[in-house]
Amino acid sequence: MCGITGWVSYDGDLAGRRHLLDRMTATMAGRGPDAGGTWSDRHAALGHRRLSIIDLAGGAQPMTAATGDGTVALTYSGEVYNFRQLRGELRARGHRFTTASDTEVVLRGYLEWGEAVVDHLTGMYAFGVWDGRTERLLLVRDRLGIKPLYYQSTPGGVVFGSEPKALLAHPDISPVVDLDGLREIMLGVKTPGAAVWKGMRELPPAHIAVLDRSGLRERSYWELRATDHTDGREASAAHLGALLEGSVREQLVADVPLCTLLSGGLDSSAITGLAARELAYGGDALRSFSVDFVGHSDHFVPDGHNVSPDTAYALAVADHVGSRHANLVLDPAALADLDVRRACVAARDLPIGRGDMDHSLLLLFRAVREHSTVALSGEGADEMFGGYWWFHDPALRASAGFPWLTAATGGVRQERTFLRDECQRALDIPEFAEQRYREAVAATPVLDGEGAERRRARELLYLHLTRSLGGMLDRKDRLSMAAGLEVRVPFCDHRIVEYAYNIPWPLHVFDGREKSVLRAATGHVVPEVVRRRTKSPYPMTRDVRYIEALQRQARDVLAERDAAVFALVDRQAAVRAASTPWGACANAPGQRLVLEKLLDLHVWLDLYKPELVMC
């Protein structure tokens, strides 16, 4: 796992502007703490920061191949899990390899197949190839968008990188956020292709972009399709189980210490169980990690959706599979540390406002990184198999809006009342949310003649796979890479997604509860207590000391005479959130959201000093 960046300019000679490439590459140091490198010729310059995972001695980047017609150079991030198979195929076609890395497989694959190399790759990846034979740049992103890739056109070319911060380090890129960017920030739904920063674009999942002297073009190379599903209950569970076992097996390949992230829910427990069993064949024991809060179990109060704390279930799984387990317990001071908040905002380049859910994840990743370089995680299963509670609530299933937002805010209409009145009018978040929802639903793949119930089930799954999962994957990638940790997500194998999307909804709930077919497919590797457990969301601390710390920090912001955040946030809304009695605030998600958003925006404006274009 790595950080990549690059710059193409047909109007000048980049060989003499190495200092700018070095500056851009340096922003990726967190993603690649082990090594760094740059390469340039007249019209192209590529930068790379490396987190060494496979072939530690080889695989240095940018990697080049000399041809009789020019040099082909690659800067690559991620993992291609079928690289051994592809290496054998390429050797049979006459290619010679000098390293054992998947990077060289991607480079040789491009030399053999050109753009069509993407059709051969299975994994998570983002890369740029400069082809000196044709003076053409190819940018590629994996099918699910697990690895990020951004680009922005510049006079005479383009700048690209794993994160916006790499682009913002270039003198031709200004940190400007207009109304559309602010709408993305305030709505909290990740629109494919939107990058928030004006003029910048995130290459959508399953897309390539090609730049040559005639301009830049994007195209999709894979898309989700609706197909007939003919497998019955047992056959569906068996086939799904085989797909998942294969994905976990492929993703256990690493030349560095590896572990799993274990919450005690079905998804992470299934990954942990399958990984432990696979490693046991070779005589190895798995490490697993979880996170908890001081006093969380003692003070836990079920609320209908948060039904049980995680720790006991995680320990039950660890005991069941024999993993060497560690549970990181965080106190309110660590969660509320302003340095941790700044690190999270800087890692994500945006004021997301998820507060302790981001903070605890970053702190967990830092702790895991002391022992492991690679971790397997359970992201994606809820989106693919209908795991969230709102999938099963009749009113929310029928509502015309993003169901997770409706569930969180209590209404389809997405007001953001903590904003200043003029900002609310200019942004018109309700209309923006409705428009984005309609676009997603209209793109849902369906079969001719499908009934309303089947069609609605597809719409809900498609909404989550294309508008929710991207945010989850981005969160996991940014925070893990900020700690120098590679997180792999076995559920997000495109073959699993294709199969899960076409399972009829009755099979998803055949035993009267969520993720029925997944429970059937993985029950042999998880303890019965986890099989019976109702899904509980990622934990948030309810410790009043955390809320009190947020309120103190908010009051400090309110005391700043010219705090830039109040160009967006209504000051009286901030005063109310900062002065609400802690008991009421702890149990009022709306007030807590105001505090988290205020503080994240304040940090973001200080770190990036963006120009906000409000008209």
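Keep in mind that the numbers below use all heavy atoms, side chains included, and drop hydrogens, waters and symmetry copies. Numbers here simply count residues along the sequence, with the first being 1.
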Query raised in the report: Just by distance, do the side chain of Asp142 and the backbone of Tyr125 share a donor-acceptor pair under 3.5 Å?
Result: yes
Query - Electrostatic pair Glu245-Arg277, nearest N-O below 4.0 angstrom - result: yes
Query - Closest approach of Ser360 to Phe293 (non-hydrogen atoms, all atoms of both residues) - result: CB-CE2, 3.8 Å
Query raised in the report: Which pair of heavy atoms, one from Pro445 and one from Arg458, lies closest together, and at what distance?
Result: O-CD, 3.2 Å
Requested in this report: Going by the side chain to side chain contact (heavy atoms under 4.5 Å, CB included) test, name the single residue among Leu262, Leu266, Leu244 that passes it with Ile271.
Outcome: Leu244
**Report entry** Student check: side-chain heavy atoms of Asn502 and Asp228 closer than 4.5 Å
**Finding:** no
Report task. Count the heavy atoms of every other residue, nucleotide or ligand shown that sit under 6.0 Å from CZ of Arg84, and state whether that count exceeds 12. Result -> no
**Report entry** Check: Phe391 ring centroid to His464 ring centroid under 6.0 Å
**Finding:** yes
Query raised in the report: Side-chain contact, heavy-atom cut-off 4.5 Å: Leu361 with Val291?
Result: no
Requested in this report: Would you check if Asp102 and Tyr76 make a side-chain contact, meaning some heavy-atom pair closer than 4.5 Å?
Outcome: yes
Query raised in the report: Should Ser247 and Tyr81 be marked as a side chain to side chain donor-acceptor pair (under 3.5 Å) after you check the CA-CA gap, both sets of side-chain angles, and the distance that decides it?
Result: CA-CA 9 Å; Ser247 180; Tyr81 299 125; over 6 Å; no
Query raised in the report: Given the rule in the side-chain contact (heavy atoms from CB on, under 4.5 Å) test, do Arg354 and Arg348 qualify, once you have shown the distances and angles that lead to the verdict?
Result: CA-CA 11 Å; Arg354 294 180 66 94; Arg348 304 191 71 175; 3.6 Å; yes
Query raised in the report: Is there side-chain contact between Pro205 and Leu144, with at least one heavy-atom pair below 4.5 Å?
Result: no
Query raised in the report: Just by distance, do the side chain of Asn82 and the backbone of His120 share a donor-acceptor pair under 3.5 Å?
Result: yes
Requested in this report: Any chance you could lay out the side-chain contact (heavy atoms from CB on, under 4.5 Å) test for His207 and Arg141, step after step, and finish with the verdict?
Outcome: CA-CA 6 Å; His207 275 65; Arg141 194 170 180 212; 5.8 Å; no
Requested in this report: Mind listing the closest non-hydrogen atom pair of Phe510 and Ser516 along with its distance?
Outcome: N-OG, 3.2 Å
Requested in this report: Enter the distance from Ser77:OG to Arg31:CZ here, rounded to the nearest 0.5 Å.
Outcome: 5.5 Å
**Report entry** Check: Arg369 main-chain N/O paired with Ser372 side-chain donor or acceptor under 3.5 Å
**Finding:** no
Report task. Describe, in one word, how the ring planes of Tyr546 and His359 are oriented to each other, choosing from parallel (under 30°), tilted (30 to 60°) and perpendicular (over 60°). Result -> perpendicular
**Report entry** Thr373 side chain reached by Pro257 side chain, heavy atoms, under 4.5 Å
**Finding:** yes
Requested in this report: To the nearest 0.5 angstrom, please state how far the CG atom of Leu279 sits from the CG atom of Leu258.
Outcome: 7.0 Å
Query raised in the report: Under 4.5 Å between any side-chain heavy atoms of Asp331 and Arg545, yes or no?
Result: no
Requested in this report: Step through the shown structure and confirm whether more than 12 heavy atoms of other residues, nucleotides or ligands are within 6.0 Å of CD on Glu528.
Outcome: yes
Query raised in the report: When you look at Leu376 and Leu252, which way does the side-chain contact (heavy atoms from CB on, under 4.5 Å) test go after all the steps?
Result: CA-CA 8 Å; Leu376 272 62; Leu252 286 173; 4.0 Å; yes
Under 3.5 Å donor-acceptor pairs involving side-chain atoms of residues 518-527, not counting sequence neighbours:
| residue | atom | partner | partner atom | Å |
| --- | --- | --- | --- | --- |
| Arg519 | NE | Glu514 | O | 3.1 |
| Arg519 | NH1 | Arg531 | O | 2.4 |
| Arg519 | NH2 | Glu514 | OE2 | 2.7 |
| Arg519 | NH2 | Arg533 | O | 3.1 |
| Thr522 | OG1 | Leu518 | O | 2.8 |

Query raised in the report: What's the spacing between Lys476 NZ and Cys492 SG if we round to 0.5 Å?
Result: 9.5 Å
Query raised in the report: Using a distance-only test with no angle check, is there a side-chain donor-acceptor pair under 3.5 angstrom linking Ser263 and Asp310?
Result: no
Query raised in the report: What heavy-atom pair brings Thr122 and Asp493 nearest, and what distance separates the two atoms?
Result: CG2-OD2, 4.1 Å
Report task. Give the intermediate values and the outcome of side chain to side chain donor-acceptor pair (under 3.5 Å) for residues Tyr499 and Asp231. Result -> CA-CA 11 Å; Tyr499 192 73; Asp231 293 340; 2.6 Å; yes
Query - Test item: Glu379 and Ile146 side chains (from C-beta on) under 4.5 Å apart, heavy atoms - result: no
Query - Distance (rounded to the nearest 0.5 Å) between Leu121 CG and Trp113 CH2 - result: 8.0 Å
Query raised in the report: Looking only at heavy atoms, which two atoms of Gly353 and Glu596 are closest? And how far apart?
Result: O-CB, 3.5 Å
Query raised in the report: Yes or no on side-chain contact (heavy atoms from CB on, under 4.5 Å) for Cys344 and Leu479, after CA distance, side-chain angles and deciding distance?
Result: CA-CA 7 Å; Cys344 287; Leu479 296 178; 4.1 Å; yes
Requested in this report: State the CG-CG distance between Leu507 and Leu240, to the nearest 0.5 angstrom.
Outcome: 11.0 Å
Report task. For atom CZ of Arg455, decide whether the heavy atoms of other residues, nucleotides or ligands shown that lie under 6.0 angstrom number more than 12. Result -> no
Query - Arg456/Glu459 salt bridge by N-O under 4.0 Å criterion - result: yes
Requested in this report: Examine distances only and state if a side-chain atom of Arg225 and a backbone atom of Glu498 form a donor-acceptor pair shorter than 3.5 Å.
Outcome: no
Query raised in the report: Using the benzene-type ring in the case of Trp, are the ring centres of Trp505 and His392 under 6.0 Å apart?
Result: yes
Report summary line: In short, Val253 meets Arg488 closest at the heavy-atom pair O-NH1, 2.8 Å
Query raised in the report: Does the side chain of Leu261 reach to within under 4.5 Å of the side chain of Phe365, using non-hydrogen atoms?
Result: yes
Query raised in the report: Is it true that atom CD of Glu453 has more than 12 heavy atoms of other residues, nucleotides or ligands lying nearer than 6.0 Å?
Result: no
Query raised in the report: Is the backbone N or O of Val412 less than 3.5 Å from a side-chain atom of Gln414, with the two atoms forming a donor-acceptor pair by type?
Result: yes
Report task. Decide whether Thr541 and Asp356 meet the rule of one side-chain donor and one side-chain acceptor closer than 3.5 Å. Result -> no
Report task. Calculate, to the nearest 0.5 Å, the distance between atoms NZ and CZ belonging to Lys190 and Arg436 respectively. Result -> 13.0 Å
Requested in this report: Using modelled atom types only, decide if a donor and an acceptor are shared between the side chain of Glu104 and the backbone of Ser101 within a distance under 3.5 Å.
Outcome: no
**Report entry** Result of checking Arg478, Arg475, Arg341 against Asp358 for side chain to side chain donor-acceptor pair (under 3.5 Å)
**Finding:** Arg475
